[in-house]
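The next block holds one structure in the form of structure tokens; read it before the comments.
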Amino acid sequence: MPGNGGFNGWLVVGLGNPEQRYARTRHNAGFEVVESLAERWGVSGWSRRFHGLFAVAGPRDVPGGVLLLKPLTYMNLSGRAVQAAMTFHRVRPERVLVVHDEMDLDCGTVLVKVGGGTAGHRGLESIVDAVGAGFVRLRIGIGRPPARGAVDHVLSTFRPDEAEAFERAVALAADVATAVLARGPAAAMNEFHRRRNRAGPASGPLDGAPS
């Protein structure tokens with residue numbers, strides 16, 4: 001699949017934890033967005049590769065195609081799966097999009113970021129340790145814990161008053177991810193920043209502006 005210069009498409013990684021008891025928890029936001037992309041693109045055949053669930057998609061507006069990966073290593077070892085996929089397909093870091101939950105953003109917020117720190121996110125820390133920090137991040141806000149500790153918060157499900165905002169955020173994140181893959185992170189950030197400004201305050205936390 002890769003040419004002499006490496007894979008020319010994108011590797012999209014959704015972060016989460018694999019067991020059923022973690023499904024629909026805040027920490028699995030990345031899984032949900034990648035699954036939404038797979039559904040949009042008609043992907044049905046996931047295989048166990050690269051320490052995760054792996055699939056290949058060919059959306060028409062993304063030159064070179066897309067590799068989808070959901071690491072099954074548990075969050076703290078996500079870098080192991082990402083490094084394996086990148087090495088095999090010779091994917092450059094700037095062609096990797098990692099979708100993850102973000103406690104520093106209000107529930108429902110969607111932001112794109114290139115490089116930078118990890119804000120204590122164990123999955124991001126593992127990836128940075130394995131492949132460096134030069135990948136693109138798609139951050140899905142899950143809100144700060146009101147009282148409980150951070151671990152309990154990220155492993156909790158969304159409250160009823162948050163659930164609708166999160167569902168809309170997953171759909172928006174899939175739109176933003178597609179724009180990143182088709183036109184690059186800078187163009188995607190500008191596009192969704194303009195969309196937010198046209199919508200005005202009523203657009204609420206669904207924000208595609210750069211961070």
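Just so it is clear, the structure is predicted and the values come from calculations on it, not from any experiment.
- Salt bridge present: Asp104 and Arg144 bring a charged side-chain N and a carboxylate O closer than 4.0 Å.
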Apply the test side-chain contact (heavy atoms from CB on, under 4.5 Å) to residues Lys113 and Val136: give CA-CA distance (whole Å), side-chain angles for both, the deciding distance (0.1 Å), then the verdict. CA-CA 6 Å; Lys113 179 179 179 181; Val136 184; over 6 Å; no

Quick one, Trp10 with Val180, criterion side-chain contact (heavy atoms from CB on, under 4.5 Å). Give me CA distance, side-chain angles, the key distance, then yes/no. CA-CA 10 Å; Trp10 282 81; Val180 170; 4.1 Å; yes

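- Closest non-hydrogen pair, Gly79 versus Ser126, comes out as N-OG, 2.8 Å.
- Cluster annotation: Ile127 is connected to Phe54 through the hydrophobic network of ILVMFWY side chains, with a link wherever side-chain heavy atoms come within less than 4.5 Å.
- For an aromatic pair to be called close, the ring centres must be under 6.0 Å apart, and His27 with His121 satisfies this.
- Ion pair Glu35/Arg40 not flagged as a salt bridge, since none of the NZ, NE, NH1 or NH2 atoms sits closer than 4.0 Å to an Asp/Glu carboxylate oxygen.
- Nearest heavy-atom pair across Ala84 and His51 is CB-CD2, 4.0 Å.
- Side-chain atoms of Arg48 and Leu53, non-hydrogen and from C-beta on, do get closer than 4.5 Å to each other.
- The cluster map of Ile, Leu, Val, Met, Phe, Trp and Tyr, joined by side-chain heavy atoms under 4.5 Å apart, puts Leu77 and Met75 in different clusters.
- With Tyr22 as reference, Glu19 is the one residue of Glu19, Gln20, Arg26 to meet the side chain to side chain contact (heavy atoms under 4.5 Å, CB included) rule.
- Checking side-chain atoms of Ser36 against main-chain N and O of Glu32 turns up no donor-acceptor pair under 3.5 Å.
- The same ILVMFWY cluster, assembled from side-chain heavy atoms under 4.5 Å apart, contains both Val33 and Phe158.
- A 4.5 Å side-chain heavy-atom check between Leu67 and Phe7 finds at least one atom pair inside the cut-off.
- Minimum interatomic distance between Ala179 and Glu191 (heavy atoms only, all atoms of both residues): CB-OE1, 4.0 Å.
- Criterion: ILVMFWY side-chain heavy atoms under 4.5 Å apart, direct or through other members. Under it, Leu155 and Met103 are part of a common hydrophobic cluster.
- For the pair Arg122 and Tyr74, the cation-pi criterion (under 6.0 Å, within 45° of the ring axis) is not fulfilled.
- In this structure, the side chains of Leu124 and Phe135 come closer than 4.5 Å at one or more pairs of heavy atoms.
- Between Leu68 and Val66 there is a side-chain heavy-atom pair separated by less than 4.5 Å.
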Is there a side-chain contact (heavy atoms from CB on, under 4.5 Å) between Phe192 and Val112? Walk through the geometry before answering. CA-CA 10 Å; Phe192 285 90; Val112 177; over 6 Å; no

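- A pairwise comparison of heavy atoms in Arg137 and Ala133 identifies NH2-O, 3.7 Å as the closest pair.
- Between the side chain of Thr109 and the main chain of Leu105, no donor-acceptor pair closer than 3.5 Å is present.
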Mind running side-chain contact (heavy atoms from CB on, under 4.5 Å) on Leu97 and Leu181 for me, showing each step along the way? CA-CA 8 Å; Leu97 175 64; Leu181 305 181; 4.2 Å; yes

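- Put simply, CD1 on Ile140 and CD on Glu102 are 10.0 Å apart, with the number rounded to the nearest 0.5 Å.
- Interatomic distance, Cys107 SG to Phe166 CZ, rounded to the nearest 0.5 Å: 7.5 Å.
- For the pair Asp101 (side chain) and Ile142 (backbone), a donor-acceptor distance under 3.5 Å is absent.
- Between the side chain of Arg139 and the backbone N or O of Leu111, no donor-acceptor pair lies under 3.5 Å.
- With a 4.5 Å cut-off on side-chain heavy atoms, Leu69 and Val12 do not count as touching.
- Using modelled atom types, no side-chain atom of Ser78 and backbone atom of Gly123 make a donor-acceptor pair closer than 3.5 Å.
- The shortest distance between side-chain heavy atoms of Leu11 and Met86 falls below 4.5 Å.
- With ring centers used as reference points, Phe50 lies under 6.0 Å from His89.
- Summarising the local packing, CD of Glu94 is surrounded by more than 12 heavy atoms from other residues, nucleotides or ligands at distances under 6.0 Å.
- A salt bridge is defined here as a Lys NZ or Arg NE, NH1 or NH2 lying under 4.0 Å from an Asp or Glu carboxylate O, and Asp129 with Arg80 fails to meet this definition.
- The two residues Pro93 and Val131 make their nearest non-hydrogen contact at CG-O, 4.5 Å.
- Within the 4.5 Å cutoff, the side chain of His100 has no heavy atoms near those of the Leu138 side chain.
- With contacts defined as side-chain heavy-atom distances shorter than 4.5 Å, the pair Val13/Pro71 qualifies.
- Arg24 and Glu167 are joined by a salt bridge, as a carboxylate oxygen and a charged side-chain nitrogen come within less than 4.0 angstrom of each other.
- Pairing each heavy atom of Val34 with each of Trp46, the nearest pair is CG1-CH2, 3.8 Å.
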